[in-house]
Amino acid sequence: MHDVIIIGAGPAGLSTAFWCDELGLDALVLEQAEEVGGQLHRVYNPINNYLGLKAHDGAELLVHFTADLEDAEFDLWTQTSISSVDLKARRISLASGEELQSIAIVIATGVRPRELGVPGEKEFVGKGMIESGARDRDRFAGHDVCVVGGGDAAVENALLLAEVCPTVTLVHRGRKLRARREFTEQLQAKHCITVFTESVLTRIIGSDRVEAVEIQRKQGLKPFQLAVRGVLIRIGVEPNTELFREQIETDERGYLVVNSQQETNVPMIFAIGDVSNPISPTISSASGAGATAAKVIASRLTK
Ligand SMILES: Cc1cc2nc3c(=O)[nH]c(=O)nc-3n(C[C@H](O)[C@H](O)[C@H](O)COP(=O)(O)OP(=O)(O)OC[C@H]3O[C@@H](n4cnc5c(N)ncnc54)[C@H](O)[C@@H]3O)c2cc1C
């Protein structure tokens, strides 16, 4: 029996573990990936908005986080697959067959990039699918590419790629781009970027790597093919809540609903970080929520 089991070792989960140690709580962190850090592994841009610390990218910030955790006492199990969770009983069953029990559970499972769900998307990972404009720019320099999405992340990536690619085609389902004005103004000045609104990418085509995409402009029109070497998809994220959804309150998009103390509607089940915070998915919010959850749990256990 642990005081707290934390599911997920991104910034939110790590912050809770850190605070559990500060407060003398016995904590176990379960992480499905090989390494801790969550989305920090996908941040290739400089992080300039985490008060008190600047980092060239997520990997550098993670070095600081793990250094601070070196002396903290908590158990961490990576590469751990959870097969089911009984939230009311606060019992977790692992794929290995092991059963775990705790007084409180903190859900810190974060979000994952939303998939487009078109043919070719999975097949061409590592063969022309671009993960990040900042990271992969040099690899695609001199080649035509396509970016899907209309928010900040899509437009920012299109702008980055336009610095080195002869043409960038931005495909967006809606009538208007959702990106902030700072980005859309820069877009207008970049003549190598073509924007197709009210359009969808329907297929990624190639033999052993990406060679073209199929785009459907407006309903009813015939799709056409466009030769490209790279495709980057940035159509938002979705919360990792499938394990819990039937047992807990979520919003219409599947995010966990919490009060100001990070409590869900199930007693002693807390949710922190991006999985419960679609409004402000940031490292500072995630680590702050981790501190709140640990403090609230500690106060409950001493009552
Ligand atoms: C490209 C990019 C740039 C960004 N730039 C910034 C920035 O400049 N500033 C900023 O503040 N934020 C930035 N962010 C956002 C920031 O990374 C997130 O807000 C933060 O990582 C959220 O932390 P989290 O712990 O809630 O979730 P995550 O980081 O998503 O971590 C969740 C963890 O839970 C694990 N997990 C999921 N399901 C399970 C399961 N069933 N069992 C066990 N483990 C599980 C995952 O493997 C992961 O390790 C950026 C994000 C991206 C993608």
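All residue numbers in this chain count up from 1 along the given sequence. These numbers were taken from a predicted model, which means no experiment stands behind them.
Nearest heavy atoms, Cys20 versus Val4: SG-CG2, 4.1 Å. Here the shortest heavy-atom pairing between Asn277 and Tyr255 reads N-CD2, 4.3 Å. Across all non-hydrogen atoms, the minimal contact from Asp274 to Gly110 is CB-CA, 4.2 Å. Residues Glu73 and Asp21 come closest through the heavy atom pair N-OD1, 3.0 Å. A pairwise comparison of heavy atoms in Thr292 and Ser260 identifies CG2-O, 3.9 Å as the closest pair. Nearest heavy atoms, Leu160 versus Gly133: CD1-C, 4.1 Å.
Residues that satisfy the side chain to side chain contact (heavy atoms under 4.5 Å, CB included) test with Glu263, not counting sequence neighbours, are Asn259, Gln261, Phe270, Arg300. In this structure, the side chain to side chain contact (heavy atoms under 4.5 Å, CB included) partners of Ala286, at least two apart in sequence or on a different chain, are Pro11, Ala12.
Side chain to side chain, Ser280 and Ser285 meet the donor-acceptor criterion of an N or O pair below 3.5 Å.
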Exercise. Hey, mind stepping through Thr169 and Thr194 against side-chain hydrogen bond (donor to acceptor under 3.5 Å, both in side chains) and telling me if it holds?
Worked result: CA-CA 5 Å; Thr169 304; Thr194 306; 5.0 Å; no
Exercise. Does the pair Glu156 and Arg234 meet the rule for a salt bridge (charged side-chain N to carboxylate O under 4.0 Å, His left out), with working shown?
Worked result: CA-CA 10 Å; Glu156 189 179 16; Arg234 276 290 186 282; over 6 Å; no
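A salt bridge does not link Arg229 with Glu211: none of the charged nitrogens is closer than 4.0 Å to a carboxylate oxygen. In this structure, Arg91 pairs ionically with Glu99, as a charged nitrogen and a carboxylate oxygen lie closer than 4.0 Å. Ion pairing of Glu123 with Arg203 is absent here, as no side-chain N (NZ or NE/NH1/NH2) approaches a carboxylate O to less than 4.0 Å. Of the charged side-chain nitrogens involved, none lies within less than 4.0 Å of a carboxylate oxygen, so that Arg173 and Glu198 do not count as a salt-bridged pair.
Without hydrogens or angle criteria, Asp251 side chain to Gly254 main chain gives a donor-acceptor distance under 3.5 Å. Side chain of Glu121 to backbone of Val118: a donor-acceptor contact under 3.5 angstrom is found. Checked by atom type and distance alone, the side chain of Thr264 pairs as donor or acceptor with a backbone atom of Ile269 at under 3.5 Å. The closest donor-acceptor contact from the side chain of Glu31 to the backbone of Trp77 lies at 3.5 Å or more, if one exists at all. Between the side chain of Thr80 and the backbone N or O of Thr78 there is at least one donor-acceptor pair closer than 3.5 Å. The backbone N or O of Leu100 sits nowhere less than 3.5 Å from a side-chain atom of His2 that would complete a donor-acceptor pair. In this structure, the side chain of Asp136 engages the main chain of Ser132 through a donor-acceptor pair within 3.5 Å. A donor-acceptor pair under 3.5 Å is absent between the side-chain atoms of Ser84 and the main chain of Ser93, judged by distance alone.
Within 6.0 Å of atom CD in Glu242, more than 12 heavy atoms from other residues, nucleotides or ligands are found, so the atom counts as buried in its surroundings.
The closest side-chain heavy-atom distance from Thr202 to Ile215 is not below 4.5 Å.
Phe244 and Ile5 fall within a single hydrophobic cluster, where Ile, Leu, Val, Met, Phe, Trp and Tyr are joined by side-chain heavy atoms under 4.5 Å apart, directly or via other members.
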